[in-house]
Amino acid sequence: MPKVSVDIPEELLDDLDRHVGGDGKFVNRSDAVRASIRKTLDQLDEIDERHGRLEEGADDADTAETERHGTADEGSDA
């Protein structure tokens with residue numbers, strides 16, 4: 001899996017950290033960031049579909065969604 005580096009404002013990182021670890025929803029920051037990216041891309045796909053922008057490339061969108069979500073055989077990074 002490729003690695004990326006991003007600059008994140010301290011306030012946003014603090015908010016993210018409240019959802020990570022122990023009682024949080026995510027095991028680590030990477031899981032939280034991946035989930036956020038997936039959700040955002042899914043929402044953008046839904047918006048594009050509502051506006052008729054996915055009709056021509058629907059097969060490409062399905063492939064992209066599968067790549068974002070992976071398959072049941074892939075397991076987790078935990």
Side-chain angles (χ1 to χ4, degrees):
M1 181 178 317
K3 293 185 184 226
V4 297
S5 176
V6 296
D7 292 325
I8 299 175
E10 191 71 31
E11 182 179 303
L12 186 57
L13 190 59
D14 290 342
D15 192 21
L16 178 74
D17 286 342
R18 283 193 284 275
H19 298 283
V20 174
D23 297 329
K25 299 171 192 81
F26 302 99
V27 174
N28 54 47
R29 285 177 174 171
S30 293
D31 286 343
V33 170
R34 278 191 295 271
S36 297
I37 291 170
R38 282 186 199 107
K39 183 172 183 173
T40 299
L41 292 174
D42 286 346
Q43 289 173 338
L44 291 172
D45 286 346
E46 289 174 12
I47 292 167
D48 285 343
E49 188 173 352
R50 281 196 307 263
H51 291 277
R53 294 187 288 237
L54 288 183
E55 291 180 34
E56 290 180 28
D59 291 337
D60 293 338
D62 291 341
T63 300
E65 184 172 345
T66 299
E67 289 172 357
R68 281 198 303 273
H69 293 286
T71 63
D73 296 338
E74 289 182 14
S76 68
D77 290 346

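Annotation: side-chain contact (heavy atoms from CB on, under 4.5 Å) contacts of L13 (sequence neighbours excluded): I8, L16, D17, R29. With sequence neighbours excluded, no residue forms a side-chain contact (heavy atoms from CB on, under 4.5 Å) with S36.
Applying the salt bridge (Lys or Arg N to Asp or Glu O under 4.0 Å) test to pairs two or more places apart or on separate chains, those with a residue in residues 18-27 are D15-R18. Screening residues 2-14 for side-chain hydrogen bond (donor to acceptor under 3.5 Å, both in side chains), with sequence neighbours left out, gives no hits.
Contact check on D31 versus R34 returns a salt bridge, with a Lys/Arg side-chain nitrogen under 4.0 Å from an Asp/Glu carboxylate oxygen.
Cluster membership check: I37 shares its hydrophobic cluster with L44, using side-chain heavy-atom separations under 4.5 Å among Ile, Leu, Val, Met, Phe, Trp and Tyr.
Put simply, OG1 on T40 and CG on D45 are 11.0 Å apart, with the number rounded to the nearest 0.5 Å.
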